[in-house]
J.: 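The structure follows.
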Amino acid sequence: MFKSAASCLVFSTTILTTSAFSMPIIRGGVENAETTAVGGNVVAGYDFTATANASLTALGFWDSGSDGLGSRFEVGLWDKDSALLLASAFIDDGDALDSSLTIEGGQYRYETLASAVTLTSGTTYTLAFHTVVFINVLDTLLIETASLVENPLTSISASLRGDSGPSLTFPELTFAAPNIVGNANALVSAATVPLPTTLSLAWAS
């Protein structure tokens, strides 16, 4: 009697990806000796350009002295050219301090976004905050751009952005200055890159 055997090919695939590690856009800097205050109902911030495809996962605000903000501040991210708001978040004392970075005696508090924002290499974005209350000179972080330590995935423009209004809006005005108001920050990580695929083949009969 002739006996036939069924044959089959077993194929398995494993795709691995690199892990993402988030770093602040502003990673260090020296406060300008001529520190300024920020009035109430003001939007202030800066522009930055993505130097690689990346993912922005959280928005943050600097807590002078790391002893509490005393109020809440809304931080926004826009596409600079279209002025389209891409993300926003309220930062307050309920957001934990990031102890990994201290600038001028203060640390940042971050609010993680529900959905990360994809940053495209070569595109310029605007990061700014709105304040209802007056921020005095001690609570304003005016950083000399020459001293900035930046996330390698971004490049901050050497200019100030600002505007006035009762709510968070795109800051239309740009001021040439050797400093930036660094109260607003954000966490950015490299876009996840697939690693080589692992393949396994088996022949069964």
Side-chain angles (χ1 to χ4, degrees), residues 24-26 29-49 56-98 101 103-115 117 119 124-145 148 154 156-188:
I25 291 177
I26 298 175
V30 176
E31 190 166 30
N32 188 286
E34 299 178 1
T35 306
T36 187
V38 177
N41 287 326
V42 166
V43 181
Y46 53 88
D47 295 335
F48 71 90
T49 301
L56 190 148
T57 58
L59 296 174
F61 194 84
W62 184 69
D63 183 347
S64 174
S66 302
D67 56 0
L69 294 172
S71 183
R72 71 174 187 169
F73 298 90
E74 189 173 12
V75 178
L77 174 76
W78 294 263
D79 179 290
K80 173 183 171 291
D81 291 338
S82 66
L84 175 66
L85 182 66
L86 303 176
S88 65
F90 284 99
I91 316 300
D92 56 27
D93 292 342
D95 296 300
L97 286 166
D98 176 13
L101 172 64
I103 300 178
E104 299 297 333
Q107 297 170 327
Y108 287 92
R109 297 178 184 270
Y110 292 97
E111 179 77 20
T112 301
L113 300 176
S115 299
V117 177
L119 304 180
T124 300
Y125 302 89
T126 298
L127 183 66
F129 66 94
H130 177 262
T131 175
V132 176
V133 300
F134 174 87
I135 305 180
N136 64 41
V137 294
L138 296 178
D139 295 329
T140 303
L141 184 60
L142 192 69
I143 301 177
E144 299 175 354
T145 52
L148 272 174
T154 60
I156 296 175
S157 302
S159 61
L160 296 170
R161 268 205 176 269
D163 217 331
S164 60
S167 61
L168 182 72
T169 55
F170 180 74
E172 296 282 356
L173 305 177
T174 303
F175 308 91
N179 319 294
I180 66 162
V181 178
N183 286 67
N185 209 346
L187 296 180
V188 174

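Because only heavy atoms are used, hydrogens play no part in the values below, and waters and symmetry mates are left out as well, while side chains stay in.
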J.: Glu111 side chain to Ala89 main-chain N or O, any donor-acceptor pair under 3.5 Å?
T.: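 Not confirmed, Glu111 side chain does not pair with Ala89 backbone.
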J.: Sub-3.5 Å donor-acceptor pair from the side chain of Asp79 to the main-chain atoms of Leu84, do we have one?
T.: no
J.: Can you check whether Tyr108 reaches Ile26 side chain to side chain, under 4.5 Å on heavy atoms?
T.: yes
J.: Please report the closest heavy-atom contact between Leu77 and Leu85, naming both atoms and the distance.
T.: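 The pair with the smallest heavy-atom distance is O-CD1, 3.4 Å.
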J.: If I compare all heavy atoms of Leu113 with all of Ser88, which pair ends up nearest, and what's the gap?
T.: CD2-O, 4.2 Å
J.: Rounded to the nearest 0.5 Å, how far apart are CD of Glu104 and CG of Leu138?
T.: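 Here the interatomic distance stands at 11.5 Å.
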J.: How far apart are the closest heavy atoms of Arg161 and Tyr46, and which atoms are they?
T.: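 Residues Arg161 and Tyr46, closest heavy atoms: CB-N, 4.2 Å.
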J.: Determine, step by step, whether Glu74 and Thr131 satisfy the side chain to side chain contact (heavy atoms under 4.5 Å, CB included) criterion, reporting the C-alpha distance in whole Å, the side-chain angles of both residues, the deciding distance to 0.1 Å, and the verdict.
T.: CA-CA 7 Å; Glu74 189 173 12; Thr131 175; over 6 Å; no
J.: Work out which heavy atom in Ile143 is nearest to a heavy atom in Leu148; give both atom names and the distance.
T.: CG2-CD2, 3.7 Å
J.: Go through Leu160 and Val181 one step at a time and tell me if the side chain to side chain contact (heavy atoms under 4.5 Å, CB included) criterion holds.
T.: CA-CA 7 Å; Leu160 296 170; Val181 178; 3.8 Å; yes
J.: Please check this pair: side chain of Asp163 against backbone of Glu172, looking for a donor-acceptor N/O pair closer than 3.5 Å.
T.: yes
J.: Quick check: do Ile180 and Glu144 have side-chain heavy atoms less than 4.5 Å from each other?
T.: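 Contact flag for Ile180/Glu144 side chains = no.
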J.: I'd like to know if the side chain of Asp63 and the backbone of Gln107 have a donor-acceptor N/O pair within less than 3.5 Å.
T.: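 Between the backbone of Gln107 and the side chain of Asp63 there is no qualifying donor-acceptor contact (under 3.5 Å).
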J.: Report the distance from atom CZ of Phe134 to atom OG of Ser71, rounding to the nearest 0.5 Å.
T.: 13.5 Å
J.: Kindly say whether Pro178 contributes a backbone atom to a donor-acceptor pair with the side chain of Thr145 at under 3.5 angstrom?
T.: yes
J.: Can any side-chain N or O of His130 pair as donor or acceptor with the backbone N or O of Gly76 at less than 3.5 Å?
T.: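 Judged by distance alone, no pair lies under 3.5 Å.
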J.: To the nearest 0.5 Å, how far apart are OH in Tyr125 and CG in Leu86?
T.: 7.0 Å
J.: Pair Val188, Phe48 - check side chain to side chain contact (heavy atoms under 4.5 Å, CB included), show working.
T.: CA-CA 12 Å; Val188 174; Phe48 71 90; 5.6 Å; no
J.: Restricting to non-hydrogen atoms, name the atom on Leu69 and the atom on Asp92 that form the minimum distance, rounded to 0.1 Å.
T.: CD1-CA, 3.9 Å
J.: Do Asn185 side-chain atoms and Tyr110 backbone N/O form a donor-acceptor pair below 3.5 Å?
T.: no
J.: In terms of relative ring orientation, are Phe73 and Phe61 parallel, tilted or perpendicular, with 30° and 60° separating the classes?
T.: parallel
J.: How far does OG of Ser64 sit from CG of Asn183, to the nearest 0.5 angstrom?
T.: 9.0 Å
J.: Atom OG1 in Thr154, atom CG in Leu56: separation rounded to 0.5 Å?
T.: 9.5 Å
J.: About how many Å separate CZ of Phe90 and CG of Leu59, when rounded to the nearest 0.5 Å?
T.: 12.0 Å
J.: Can you see which heavy atom on Thr126 is nearest to which on Pro171, and at what distance?
T.: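 The pair with the smallest heavy-atom distance is CG2-CG, 3.8 Å.
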J.: For Phe129 and Ile91, run side chain to side chain contact (heavy atoms under 4.5 Å, CB included): C-alpha distance rounded to whole Å, both residues' side-chain angles, the deciding distance at 0.1 Å, then the answer.
T.: CA-CA 10 Å; Phe129 66 94; Ile91 316 300; over 6 Å; no
